[in-house]
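Below is one structure, written out as structure tokens; comments come after it.
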Amino acid sequence: MGDYFSASALFLVLDQRLGAECLEWHPMTMTTNLTTSHPFFARHPDYASTAVLDALRAAEYARLDVQRQVYLDYTGGGLHAASQVQEHAQMLSDHVLGNPHSASPSSMEMTRRVEQARAAVLAYFHGTDQYTAIFTLNASGALKLVGESYPFGAQSTLLLTTDNHNSVNGIREFAAAKAAQVTYAPLTRPDLRINQPVMEGLLVQADSKGANLLAFPAQSNFSGVKHPLDLVAQAQGKGWHVLLDAAAFVPTNPLDLRTVAPDFVVMSFYKMFGYPTGVGCLLVKNETLAVLRRPWFGGGTVNFATVQGRMHVLSKGEAGFEDGTLNYLGIPAIEIGLRYLQKVGIDTIRRRVHCLTDWLITELLGLTHSNGRPMVRLYGPANMHMRGGTVTMNLYDPHAHLVDYRRIEELAGTARISLRTGCFCNPGAGETAEDLTEEDIQVGLQQIGSEINLTRFSQAMQSRGGKSAGAIRVSTGIASNLADIEQFLAFVSGFRDQTALTIGTVSFDIESCRVVRDGG
Ligand SMILES: Cc1ncc(COP(=O)(O)O)c(C=O)c1O
């Protein structure tokens, strides 16, 4: 079965899908260009206005086609342009750079570059006057800063949407430790959007005697749903602070803090432009920064600390939140990445992702087995209204039995396709998508006990009416093109009329979100 999904077999299915007139072969790289007779171009005439991205694909992301790789995990991590890395390497080679914030020439040069990057981040999001930018390790680090510093108390509420990433869900531990109420706002099925009437009802329940925090993703990393950003002002008008998780949104969408002004915004830069990893950001409205209370101090965060006197004075502004030594050599690469993104144009990226996602969804939903049964079950919106380029699904065999998503990931790997499977650290969206009830979950927990992991939990849910606790996710971004989508569609088409017997069983397991292969 592994051979069945080899690259050449994949191209054969691709040929069958499209017909020779839509394909131009490039034997050197074994890649394809799709000619304009492909029906996609008639459906999406505005795709032509994104042609600059094809030129960039060839110049900046050539490694994809040279290695015949299909990258469909932009929600997991963006891809960097070759020139970003070259410019950064040049900067590192040309300058003597030391640990920032002292008076030596090497340190002062580094401080200047870090502050220049900080200013570039604020300018990119139009938050220069109103916001403070705090560099963190990643979006999760930014979320943890909010969680530990927010003044939760017994009269507070933490209101979360059900499709928050686990790094947002984790804030509930800080809230609960301070006796705050934790409430989840449900999603609608099958579109996985915020249930507006319920949300409105919850928003009016804030106790004005406590500090109240609403946290939601601008775009779900599970379903690709874009939640309405006017919820920010709506909640603030009712006395809430708002945390907007922009990690999955900003790689393909503009965010202008002059028109949407959450109290907190979090992101990871590698999701926006691939490089560097290890740097994220918390943007905090200046007036809200004053309400945060850090529960500890460390190197770099204090103006003064004494051992004998047992006191410390926290640094003002972002310095009070940036623990220890920053990733100072990596931070200038953020300015390079932002400049690159601006040159390309975020609206161009958004338009391309929109066209490709529409095509992908339409074609996936049209795939059927010979007996007429659908091959794919999509989670989230089946159209492009308020949704981005993240598409989550499961595959079913001709007898309507769920195909193991881990086996799909394994076979995708043999076809050089990078996609992601599991629950994507977003358990609530998955639970809603599959209609897992609290009873389902309690039964699963009791059956498995403390050895629970996603695989065992999935198996338990399978035995409860064939429900799934995981899925397959593909996502498009800056370097995506139609050939990527067609190769994925050809890969999925290869499962037509296949059953568990012919598809085979997976040879790896996943524990704590890490792949564990047989024997080690
Ligand atoms: C919506 C969302 N929030 C938060 C995160 C956490 O990002 P990181 O792992 O970079 O901290 C992710 C990562 O996938 C995400 O998609």
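Order of appearance sets the numbers: ligands from 1, and atoms from 1 within every ligand.
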Atom 16 (O) of ligand 1: of Thr75, Asn221, Val266, the nearest heavy atom sits on Asn221
I need the nearest protein heavy-atom contact for atom 7 (O) of ligand 1: residue, atom name and distance, please. Ala139 CB, 3.6 Å
Within the distance-only criterion (no hydrogens, no angle test), does the side chain of Thr437 pair as donor or acceptor with the backbone N or O of Asp440 below 3.5 angstrom? yes
Donor-acceptor pair between Tyr47 and Asp358 side chains, under 3.5 angstrom: no
Any idea which atoms of ligand 1 are less than 4.0 Å away from a heavy-atom of Ser140? 6 (C), 8 (P), 9 (O), 11 (O)
the protein heavy atom lying closest to atom 14 (O) of ligand 1 turns out to be Lys271 NZ, 2.7 Å
So for ligand 1, is Tyr270 a polar contact partner (N or O within less than 3.5 Å, distance only)? yes
Atom 2 (C) of ligand 1 [closest protein heavy-atom partner, distance rounded to 0.1 Å]: Asp245 OD2, 3.3 Å
Can you tell me which portion of Ser268 lies within the under-4.0 Å heavy-atom range of ligand 1? Options are side chain, backbone, both, or neither. side chain
Under 3.5 Å, is there a donor-acceptor pair between the Thr132 and Asn286 side chains? yes
Check whether any side-chain N or O of Arg456 sits under 3.5 Å from a backbone N or O of Glu451 as a donor-acceptor pair, and report yes or no. yes
Could you tell me if any non-hydrogen atom of Phe249 lies under 4.0 Å from any atom of ligand 1? no
Compare all side-chain heavy atoms of Leu282 with those of Glu318 and state whether any distance is below 4.5 angstrom. no
Do you know which two heavy atoms are closest between Lys238 and Ala206, and how far apart they sit? O-CB, 4.3 Å
Under 3.5 Å, N or O to N or O, is Ser167 touching ligand 1 that way? no
According to side chain to side chain contact (heavy atoms under 4.5 Å, CB included), who are the partners of Glu434, at least two apart in sequence or on a separate chain? Arg377, Tyr379, Tyr396, Leu436, Lys467, Ser468
Please check if the distance between the ring centroids of Phe273 and His80 is under 6.0 Å. no
Nearest neighbour in protein (non-hydrogen) for atom 15 (C) of ligand 1: His165 CD2, 3.4 Å
Logged contact type for Ala247 with ligand 1, heavy-atom cut-off 4.0 Å, is side chain
